[in-house]
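Each remark here refers to the structure printed beneath this line.
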Amino acid sequence: MFSNDDVAADNSACGESVPVSEECAGDGSFSETEMNASDAGGQDSSTQRHLLLAGRSIILVGTAHVSAKSIEEVESAISRERPDTVAIELDQKRLESMRDPESWRKMDIISVLKKKQGFLMLANLVLASYQKRMGSGADVTPGAEMAAAVRCAQSLGIPCSMVDRPIAVTLRRAWAKNSLWGKCKLLSALLASAFSKEQPDQEEIENLKRQSEMDSMMEELSDYLPAVKEVLIDERDFYLASNIWQCGGDKILAVLGAGHLPGVQAHLERLAAGTESADCSGISGVPAKSIGSKIAAWIIPVLIVALIVMGFVYGGIQAGKEMLGAWFLWNGILAGLGAVIAGGHPLTVLVSVLGAPFTSLCPFVGIGIASGIVQALVHKPTVSDMERLSQDAAGLKFYKNRILRVLLVFTLSSIGSSLGTFVAGASFVRTISGFFDNILQGFVKG
């Protein structure tokens, strides 16, 4: 479901790093063909676009993030074109993770949960693992062509500009813009990616750079998850183009995932024509919750409490007890079941069962945070767990890694509690129907 060009996963969370201090493979000498292409302003191909916009030359180099040939093509293009600036589809944090191989050691899983970033980290790890598996056949580290671009530019004394939006913002926007059904589909797609055994050969990887292959991938993503496609592709096309356009110099070379080439080119042409503004502040962060959405977060808890009270008032003690019992039963059992499926410790399961009926009535704290923290405290992650995050984020190895199990407990207990809320609510309707006449009479008398 997610192509290699949908999200360049933040490998800093996975104990991954790519060295960027080596010298560029290009030696500064060019073949006659390369020199002629450069003199002529460059020749377009399936992976390169040479644009002349408002007196500036912009070269777009499209890559597959797990392609060995992309590394060679990026280094060759930078060495041949000698641009004023190299724009790279990375954000500053991902660049820093490449330069700091030990950055993963600074991760605190409990802090991640308290900041409500459990889903963000899980999604990041699954995507990183997926990309790593895609590149395993070619023995290529995901994002190696981006590291090669930084390395090559540095060796030639060419400044680099990181032009991508932070992955955390992208994933949070993708989650926020989805409906409940869309969130479920997104989770299922992520988990399907985690447990998939797909390992394409080198030819299939190279096909990712072909326009026809990308068109079909984007169409599939758009049909299945239109909100995600909007955030991962459409918004980032504009974000990338805006930042490329603001790079210094008259000759810019941008290294991008091949799937972004058409969209970025279209935005650059509109920016050059003055029909589009380069201001991307509207998509640079997660929108603050509106007053309406904040009120909506309280509607279900207030409604649940009101229905239970009505049960006692109009249906009698027995009906009220049935509704209260249904609330505790469904919330507790389904949240606990989620913790069991995630392989949670018995104490974690107990906390899920007992805590879910209460946290479901409080928008500030979810049961996933509580159960995840308990799991992390009972089975403390080790250095080995951190070192193997990327490798273990695939298939049943999830259950062997304590960090991943914490994230799985967080996710599945949260889903279980949410399902419990809706199931209990549905049972309330059935119970209330038995004394609906009493309610009507009470309102009439009132």
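Positions are given from 1 along the sequence. Keep in mind that what you see is a predicted model, and the values were worked out from it rather than measured.
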Search all heavy atoms of [X] against all heavy atoms of [Y] and return the closest pair with its distance.
| X | Y | value |
| --- | --- | --- |
| Met162 | Leu90 | CB-O, 3.2 Å |
| Phe410 | Ile369 | CD1-N, 3.7 Å |
| Phe238 | Ala278 | CZ-C, 4.4 Å |
| Pro301 | Leu361 | CB-O, 3.5 Å |
| Ser414 | Gly368 | OG-CA, 3.2 Å |
| Gly355 | Ile367 | C-CD1, 3.6 Å |

Rounded to the nearest 0.5 Å, how far does [atom2] of [Y] lie from [atom1] of [X]?
| X | Y | atom1 | atom2 | value |
| --- | --- | --- | --- | --- |
| Leu268 | Glu276 | CG | CD | 9.0 Å |
| Leu53 | Ile244 | CG | CD1 | 11.0 Å |
| Leu419 | Asn331 | CG | CG | 10.0 Å |
| Ile88 | Cys247 | CD1 | SG | 10.0 Å |
| Glu75 | Ser70 | CD | OG | 11.0 Å |
| Leu256 | Thr47 | CG | OG1 | 11.5 Å |

With no hydrogens and no angle check, is any side-chain donor or acceptor of [X] less than 3.5 Å from a backbone partner on [Y]?
| X | Y | result |
| --- | --- | --- |
| Ser79 | Ser76 | no |
| Ser417 | Ser413 | no |
| Thr85 | Gly248 | yes |
| Arg402 | Lys380 | yes |
| Glu89 | Gly257 | yes |
| Asp84 | Lys251 | yes |

| query | Do Gln246 and Ser242 have side-chain atoms, one donor and one acceptor, less than 3.5 Å apart? | reply | yes

Are any non-hydrogen side-chain atoms of [X] and [Y] less than 4.5 angstrom apart?
| X | Y | value |
| --- | --- | --- |
| Ile373 | Leu377 | yes |
| Met146 | Thr63 | yes |
| Val74 | Cys152 | no |
| Ser57 | Ile59 | yes |

| request: Output, in order, the C-alpha distance, side-chain angles, deciding distance and verdict of side chain to side chain contact (heavy atoms under 4.5 Å, CB included) for His267 and His260. | output: CA-CA 11 Å; His267 284 295; His260 290 293; over 6 Å; no

| Stepwise side chain to side chain contact (heavy atoms under 4.5 Å, CB included) test for Cys280 and Asn243 | CA-CA 9 Å; Cys280 56; Asn243 282 280; 4.3 Å; yes

| task | Decide yes or no on side chain to side chain contact (heavy atoms under 4.5 Å, CB included) for Glu145 and Glu73, but give the supporting numbers first. | result | CA-CA 9 Å; Glu145 87 285 12; Glu73 185 174 3; over 6 Å; no

| task | Mark yes or no: Arg56 above the aromatic ring of Trp245, with NZ or CZ under 6.0 Å from the six-membered ring centre and no more than 45 degrees from the axis. | result |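 Yes; both conditions hold, so Arg56 lies above the ring face of Trp245.
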
| Checking salt bridge (charged side-chain N to carboxylate O under 4.0 Å, His left out) for the pair Asp91/Arg165: CA distance, chi angles, key distance, verdict? | CA-CA 6 Å; Asp91 60 73; Arg165 184 170 60 186; over 6 Å; no

Could you go through residues 333-345 and list every donor-acceptor pair under 3.5 Å that involves a side-chain atom there, pairing it with any protein atom two or more places apart or in another chain?
residue: His345; atom: ND1; partner: Leu347; partner atom: N; Å: 2.9

